[in-house]
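Counting starts at 1 for both ligands and their atoms, following the listed order. Computed from a prediction, not measured in an experiment: that's the story for all the values here.
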Amino acid sequence: MMIRRVTPADFKEILVIESEAFPKSRYDLGAFWSLFQQYPGTFLVVETDQVDGYIIFSPDGHIVSMAVKAQRRRRGVGSGLIRAALAHCADKVLRLEVRVSNLGARKFYERFGFKIKDRLERYYQDGEGALIMERPISRDVEMIEP
Ligand SMILES: CC(C)(COP(=O)(O)OP(=O)(O)OC[C@H]1O[C@@H](n2cnc3c(N)ncnc32)[C@H](O)[C@@H]1OP(=O)(O)O)[C@@H](O)C(=O)NCCC(=O)NCCS
């Protein structure tokens with residue numbers, strides 16, 4: 001699995017992944033451009049024969065978004081991306097917001113040691129609330145499992 005920094009040439013594939021992953025609140029092309037400008041070193045993609053997924057996080061540990069192509073899920077792509085963020089942010093607390101109803105993603109993050117820290121009511125535009133999940137990061141990145 002190759003993980004590398006995003007380039008604008010990836011945006012077309014990322015927009016397809018995005019619309020499958022977040023039908024109710026997807027980022028558009030303009031949003032990806034500004035995230036690319038804001039986080040040039042921490043907007044990463046997994047590439048095989050195509051772009052299989054992406055993660056955007058701030059260097060201080062806030063996961064802005066991540067998604068894996070629907071037909072490539074449950075094959076470790078998301079795990080590769082989260083491990084890259086963990087490795088980048090050693091000694092930081094990794095944190096994110098997730099829809100309360102997004103049980104699959106919640107299970108995924110729990111598997112990596114994230115715990116629910118807070119709940120934000122009506123966080124998303126459609127009125128759904130978010131859970132804030134956090135994972136303290138050990139300096140010993142090798143210890144980060146599963
Ligand atoms: C959440 C997401 C990124 C996970 O990516 P992935 O590549 O499927 O994850 P992995 O294959 O690395 O999964 C690792 C483990 O996490 C857990 N997991 C992942 N998806 C799960 C699901 N839908 N339900 C339950 N557990 C899940 C499992 O324990 C899995 O291991 P297993 O497949 O051996 O059982 C992906 O489902 C996705 O893109 N979802 C839509 C977008 C989204 O919700 N993003 C997060 C928003 S905050």
Under 4.0 Å from any heavy atom of R75, which atoms of ligand 1 are there?
11 (O)
Shortest protein contact, atom 41 (C) of ligand 1 (heavy atom only)
R73 NH2, 3.5 Å
Side-chain donor-acceptor pair present, R99, S25, cut-off under 3.5 Å:
yes
Suppose I only count heavy atoms of A67 and a 4.0 Å limit; which atoms of ligand 1 are within that range?
39 (O)
Looking at A21, which atoms of ligand 1 are within less than 4.0 Å of one of its heavy atoms?
41 (C), 42 (C)
Minimum side-chain heavy-atom gap F57-R95 below 4.5 Å
no
Check R99 against ligand 1 and report side chain, backbone, both or neither, counting heavy atoms closer than 4.0 Å.
neither
Hey, is F22 one of the residues with a heavy atom under 4.0 angstrom from ligand 1?
yes
Within ligand 1, which atoms have a heavy atom of N102 less than 4.0 Å away?
43 (C), 44 (O)
Output the list of atoms in ligand 1 that are nearer than 4.0 Å to some heavy atom of V77, sorted by atom number.
7 (O), 12 (O)
Does the gap between the ring centers of F108 and F112 come in under 6.0 Å?
yes
Is the shortest heavy-atom distance from the side chain of L131 to the side chain of E97 under 4.5 Å?
no
Within the structure, does at least one protein heavy atom fall under 4.0 Å of atom 2 (C) of ligand 1?
no
Does ligand 1 have a heavy atom under 4.0 Å from the side chain of Y109, from its backbone, from both, or from neither?
side chain
Per-atom filter on ligand 1: closer than 4.0 angstrom to a heavy atom of G76 are 10 (P), 11 (O), 12 (O)
